[in-house]
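Just follow the structure's listing: the first ligand is 1, and inside any ligand the first atom is 1. Numbering starts at 1 and runs along the sequence shown.
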Amino acid sequence: MPAPQCASCHAARAALRRPRSGQALCGACFCTAFEAEVLHTVLAGRLLPPGAVVAVGASGGKDSTVLAHVLRELAPRLGVSLRLVAVDEGIGGYRDAALAAVRRQAARWDLPLTIVAYADLFGGWTMDAVARSTAGTGRSRACCTFCGVLRRRALEEGARLVGATHIVTGHNADDMAETVLMNFLRGDAGRLARGGGLGSRGEGGALPRCRPLQLASQKEVVLYAHFRRLDYFSEECVYAPEAFRGHARHLLKLLEAARPSAALDLVHSAERLALAPAARPPPPGACSRCGALASRALCQACALLNGLQRGRPRLAIGKGRGGRDEEGPPPPASDPGSAPDPAAGHCGAACKERCG
Ligand SMILES: Nc1ncnc2c1ncn2[C@@H]1O[C@H](COP(=O)(O)OP(=O)(O)OP(=O)(O)O)[C@@H](O)[C@H]1O
């Protein structure tokens with residue numbers, strides 16, 4: 001049977017059915033619709049004001065590649081300028097190849113690129129060194145969580161370095177739905193409540209952050225990259241197979257098979273969640289070491305680095321009220337700075353990268 005005509009231009013043959021709506025479109029009309037939807041997300045959410053200098057968190061992967069490409073298309077209409085900021089976490093056999101993709105993108109799209117490295121920012125610690133230090137401690141599964149905390153900090157540093165006023169990341173609807181599921185499964189009410197919305201306004205002196213692809217499904221991000229012939233790096237990080245996120249991803253796939261809108265529905269549920277007054281976290285203070293938002297003496301990033309330097313890497317991600325830390329037992333009460341306590345409802349600014 002021949003492919004149907006494109007439901008938008010009625011001239012070309014349709015090349016796909018949009019996963020959510022079932023609408024049959026040709027590649028060109030799909031890309032135009034995708035870009036218009038991202039534009040709408042940015043404008044309706046007032047995410048990037050005219051004049052903004054936007055640091056795009058560029059990992060070389062499909063999401064940030066699509067994000068950078070779409071924002072470059074939209075930049076004249078939005079009145080913003082773009083800078084690519086890539087973080088080199090120091091992951092041998094993975095990040096070097098991904099950074100090569102970012103360099104190619106920067107050259108092809110004529111966008112300034114800045115690379116910041118964990119090793120330079122965090123006293124010589126690379127992610128490989130963190131992984132070695134956590135191996136055998138029962139905390140090796142937490143590598144992605146550690147990395148997310150440090151990456152958030154590194155992205156902030158890189159964005160400041162290039163004079164950015166805003167940070168954008170490529171999280172898509174599936175990423176966000178996985179985060180919502182993980183927070184539910186961990187009983188982490190504080191992060192669930194904080195995770196809604198399209199970004200953060202930049203509390204405590206942090207730069208405002210947003211996720212313009214948050215309402216786009218992963219399938220459509222991949223389709224956009226395909227039809228725009230984007231060159232991106234598609235291998236999984238060497239530490240990802242250990243991560244709890246994999247279980248949430250698997251569960252989400254099962255849910256989507258029964259209900260195709262499950263991912264977006266989860267994202268919207270998180271936006272509408274409201275915590276009972278008794279469950280609300282106390283207002284955050286400032287980290288005594290770096291000044292970032294923190295619910296304890298140290299923010300998550302400083303607490304993690306402090307623990308690593310003392311040979312006791314820990315991060316209390318996954319403890320809900322009265323719950324247990326999935327990575328291990330809670331820290332002793334005599335060590336208040338080493339592990340901001342999500343049991344108190346939230347864990348400080350540095351962990352929102354992973355937690356939304
Ligand atoms: N090394 C990095 N440097 C800069 N930004 C990053 C880096 N890693 C991740 N990010 C930002 O965080 C977003 C979410 O990252 P995550 O690791 O969840 O990857 P992802 O969903 O596979 O996205 P991508 O396909 O862009 O790698 C990315 O889209 C990107 O904007």
Side-chain angles (χ1 to χ4, degrees), residues 38 54-71 82-92 94-103 105-106 111 113-122 126-128 143-159 161-162 164 166-180 182 195 198-200 207 209-214 216-222 224-226 230-241 243-246 248-249 252 263 267 351-356:
V38 177
V54 181
V56 183
S59 65
K62 64 180 183 327
D63 297 307
S64 51
T65 299
V66 164
L67 177 64
H69 186 273
V70 170
L71 286 183
L82 303 180
R83 314 270 186 274
L84 299 183
V85 175
V87 177
D88 181 356
E89 302 96 337
I91 302 176
Y94 170 72
R95 188 48 82 194
D96 288 348
L99 286 176
V102 181
R103 285 196 186 91
Q105 291 164 3
L111 287 175
L113 165 65
T114 298
I115 301 178
V116 288
Y118 280 10
D120 299 331
L121 294 172
F122 305 129
T126 62
M127 208 44 223
D128 285 338
C143 265
C144 289
T145 309
F146 290 169
C147 191
V149 168
L150 297 180
R151 189 189 303 129
R152 180 178 179 85
R153 171 62 52 86
L155 206 47
E156 179 88 19
E157 299 282 340
L161 207 63
V162 301
H166 290 70
I167 297 175
V168 295
T169 55
H171 296 87
N172 61 41
D174 296 51
D175 296 329
M176 298 313 296
E178 287 162 15
T179 300
V180 173
M182 282 161 64
L198 291 158
S200 58
L207 292 172
R209 283 181 181 240
C210 62
R211 303 176 285 262
L213 300 184
Q214 181 171 320
S217 73
Q218 179 145 294
K219 281 183 191 139
E220 295 214 340
V221 169
V222 173
Y224 182 90
H226 169 75
L230 301 183
D231 159 29
Y232 63 86
F233 178 74
S234 57
E235 276 168 42
E236 188 176 59
C237 175
V238 292
Y239 299 117
F244 184 53
R245 181 170 287 271
R249 184 166 298 158
L252 187 64
V267 175
C351 71
K352 288 182 202 152
E353 182 79 52
R354 288 276 153 193
C355 322

Novice: Mind checking what makes ring pair (Phe, Tyr, Trp, His ring centres under 6.0 Å) contact with Y232, not counting sequence neighbours?
Specialist: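 Not a single residue meets the ring pair (Phe, Tyr, Trp, His ring centres under 6.0 Å) criterion with Y232.
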Novice: Please report whether ligand 1 has a polar contact with T169, defined as an N or O pair separated by less than 3.5 Å (distance criterion only).
Specialist: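 N/O-N/O distance under 3.5 Å: no.
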Novice: Write down the atom of A98, the atom of F233, and the distance for their closest heavy-atom approach.
Specialist: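 Heavy-atom minimum between the residues: CB-CD2, 3.5 Å.
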Novice: Of the choices R151, M176, E236, R95, which has the non-hydrogen atom that lies closest to atom 6 (C) of ligand 1?
Specialist: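 The nearest heavy atom belongs to R151.
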Novice: Between S59 and R95, is there a side-chain heavy-atom distance shorter than 4.5 Å?
Specialist: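 SC-SC contact between R95 and S59 confirmed.
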Novice: Can you find an N/O atom of G57 closer than 3.5 Å to an N/O atom of ligand 1?
Specialist: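 So ligand 1 has an N or O lying under 3.5 Å from an N or O of G57.
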Novice: Got L113 and Q105 here, is their nearest side-chain heavy-atom distance under 4.5 Å?
Specialist: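 Of all side-chain heavy-atom pairs linking Q105 with L113, none is under 4.5 Å.
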Novice: How would you list, by chain and number, every residue that makes a side-chain hydrogen bond (donor to acceptor under 3.5 Å, both in side chains) with D175, sequence neighbours excluded?
Specialist: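 D175 satisfies side-chain hydrogen bond (donor to acceptor under 3.5 Å, both in side chains) with no residue once adjacent residues are dropped.
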Novice: Should A86 be counted as touching ligand 1, given the test is an N or O pair under 3.5 Å?
Specialist: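 No, since none of the N or O atoms of A86 sits under 3.5 Å from an N or O of ligand 1.
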Novice: Would you say the side-chain atoms of T179 and R245 include a donor-acceptor pair closer than 3.5 Å?
Specialist: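 Side-chain D/A pair, T179 to R245: present.
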Novice: Examine V168 against ligand 1 and note whether any of their N/O atoms are separated by less than 3.5 Å.
Specialist: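 V168 vs ligand 1: no N/O contact under 3.5 Å.
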Novice: If every non-hydrogen atom of R103 is compared with every non-hydrogen atom of I115, which pair is closest and at what distance?
Specialist: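 That closest heavy-atom pairing would be NH2-CD1, 3.4 Å.
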Novice: Side chain, backbone, both or neither: which part of D88 comes within less than 4.0 Å of ligand 1 when only heavy atoms are counted?
Specialist: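 Contact part for D88 vs ligand 1: neither.
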Novice: Considering the heavy atoms of A58, write down every atom of ligand 1 situated less than 4.0 Å from one of them.
Specialist: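 Contacts of ligand 1 toward A58, numbered from 1: 3 (N), 4 (C), 5 (N).
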Novice: Taking the minimum heavy-atom distance to atom 15 (O) of ligand 1, which of R245, R152, H171 ranks first?
Specialist: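 Selected option, by shortest heavy-atom distance: H171.
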Novice: Specify the closest pair of heavy atoms between C147 and E89, including all atoms of both residues, with the distance to one decimal.
Specialist: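 Minimum heavy-atom separation between C147 and E89: SG-CG, 3.8 Å.
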Novice: Are any of the N/O atoms on S59, whether in the backbone or the side chain, positioned under 3.5 angstrom from an N/O atom of ligand 1?
Specialist: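 Such a contact does occur with ligand 1.
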Novice: Need the ligand 1 atom indices (1-based, order shown) with element for anything under 4.0 Å from a heavy-atom of E89.
Specialist: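 Every atom of ligand 1 under 4.0 Å from some heavy atom of E89: 1 (N), 2 (C).
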Novice: Relative to the heavy atoms of K62, which atoms of ligand 1 are at a distance of less than 4.0 Å?
Specialist: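 Checking each atom against K62, I get 25 (O).
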Novice: Heavy-atom contacts under 4.0 Å between C237 and ligand 1: side chain, backbone, both, or neither?
Specialist: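 Looking at C237 and ligand 1, no heavy atom falls under 4.0 Å.
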Novice: Tell me which part of D175 gets within contact of ligand 1: side chain, backbone, both or neither, using heavy atoms under 4.0 Å.
Specialist: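 Looking at D175 and ligand 1, just side chain atoms fall under 4.0 Å.
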Novice: Is E236 close to Y94 at the side-chain level, that is, under 4.5 Å between some pair of heavy atoms?
Specialist: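 Not in contact.
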Novice: Could you list the atoms of ligand 1 found under 4.0 angstrom from a heavy atom of V85?
Specialist: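 The list of qualifying atoms is 4 (C).
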Novice: For the residue pair L155 and G57, what are the closest heavy atoms and their distance?
Specialist: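 Between these two residues, the closest heavy atoms are CD1-CA, 3.8 Å.
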Novice: If the contact criterion is a heavy-atom separation under 4.0 Å, does V56 count as touching ligand 1?
Specialist: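 Heavy atoms of V56 never come under 4.0 Å of ligand 1.
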